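These numbers were taken from a predicted model, which means no experiment stands behind them. When a ligand or atom number is given, it counts from 1 through the structure's own listing order.
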Amino acid sequence: MMRIDPEPLLTAGQIAARVSELAAEIRRDLADDRPVVLGVLKGAAFFTADLARALGMDAEVEFIRARSYSGTESGGRVEVFGLDRLSLAGRTVLLVEDIVDTGTTLAALLAGLHAAGAATVRVCALLDKPSRRKTPVTPDYAGFVVENRFVVGYGLDYEERFRTLPEIHVLA
Ligand code: IMP
């Protein structure tokens, strides 16, 4: 039976405040580009919805799905769904991720977006766990840097549980 630390690591208020700050930064950088805000399901679903609203700019919202098979040690294989039905050639894409951990997923997504012909790709991750990196990728915008601990809530799950928590907790 998996449990969470009762005390949140990040409260809903802290997350909301940081989302506003990230949105302001992104708005300054991408205002002229009518970006495609591209959320990665399922973990970034709630973050994408909140960030897209906070942007307050002319933007489109799309979602793709990434699934990783953590088979090998040097980063598992990543399968990306839904990219083929989007027209991203020449577009500015703001890729929205829940967390960058080993970086394997983000590296695969970036390769996919470049193959799809995106003109500019910026990455916004709610959480960044740089201590776990195996592939050298860095989000352009990161909400919070977290220690090497497994976190859940605000979209992040452990075996499909805890996604709907409004705040972020460490798995006990
Ligand atoms: P990466 O490919 O190792 O960077 O892993 C990225 C994906 O693994 C994220 O998009 C999450 O879905 C999942 N993940 C990594 N760390 C955590 C965590 O602490 N909590 C929940 N999901 C995580």
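The pair Arg18-Glu21 meets the salt-bridge criterion, with a side-chain N (NZ, NE, NH1 or NH2) lying under 4.0 Å from an Asp/Glu carboxylate O. Under 4.0 Å is where a charged nitrogen must lie from a carboxylate oxygen, and between Arg65 and Glu79 no such pair does. With salt bridges taken as basic N to acidic carboxylate O contacts below 4.0 Å, one links Arg85 and Glu62. Note on Lys129 versus Glu147: no salt bridge recorded, every NZ/NE/NH1/NH2 to OD/OE distance being 4.0 Å or above.
Contact atoms of ligand 1 toward Thr105: 1 (P), 2 (O), 5 (O), 6 (C) (distance under 4.0 Å to a heavy atom of the residue). With ligand atoms numbered from 1 in the order given, ligand 1 contributes 19 (O) to contacts under 4.0 Å with heavy atoms of Arg149. Interface of Asp157 with ligand 1, defined as ligand atoms under 4.0 Å from a residue heavy atom, comprises 21 (C). If you number the atoms of ligand 1 from 1 as listed, the ones under 4.0 Å from a heavy atom of Thr102 come out as 1 (P), 2 (O), 3 (O), 4 (O). The distance from ligand 1 to the heavy atoms of Thr104 drops below 4.0 Å at these ligand atoms: 2 (O), 4 (O).
Distances between N or O atoms of Leu106 and those of ligand 1 include no value under 3.5 Å.
Regarding atom 12 (O) of ligand 1, its nearest protein heavy-atom neighbour is Asp98 OD2, 3.3 Å. For atom 8 (O) of ligand 1, the closest heavy atom belonging to the protein is Ile99 CG2, 4.8 Å. In terms of protein heavy-atom proximity, atom 17 (C) of ligand 1 is nearest to Phe150 CE1, 3.6 Å. Taking atom 20 (N) of ligand 1 as the reference point, the nearest protein heavy-atom neighbour is Val151 O, 2.6 Å. At the shortest separation from atom 16 (N) of ligand 1 among protein heavy atoms lies Lys129 NZ, 3.5 Å.
Among all heavy-atom pairs drawn from Phe47 and Leu22, the shortest one is CZ-CD1, 4.0 Å.
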Could you give me the CA-CA distance, side-chain angles and deciding distance for Tyr154 and Asp50, then say whether side-chain hydrogen bond (donor to acceptor under 3.5 Å, both in side chains) is met? CA-CA 11 Å; Tyr154 194 65; Asp50 287 344; 2.6 Å; yes
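A side-chain donor-acceptor contact under 3.5 Å links Asp140 to the backbone of Val123.
With a 4.0 Å heavy-atom cut-off, ligand 1 is reached by no atom of Lys134.
By the neighbour-count criterion of 12 heavy atoms within 6.0 Å, atom CD of Glu7 is sparsely surrounded, having that number or fewer from other residues, nucleotides or ligands.
Within the 4.0 Å heavy-atom shell around ligand 1 one does not find Ser68.
Exactly one residue among Leu156, Val152, Asp5 makes a side-chain contact (heavy atoms from CB on, under 4.5 Å) with Leu171. That residue is Val152.
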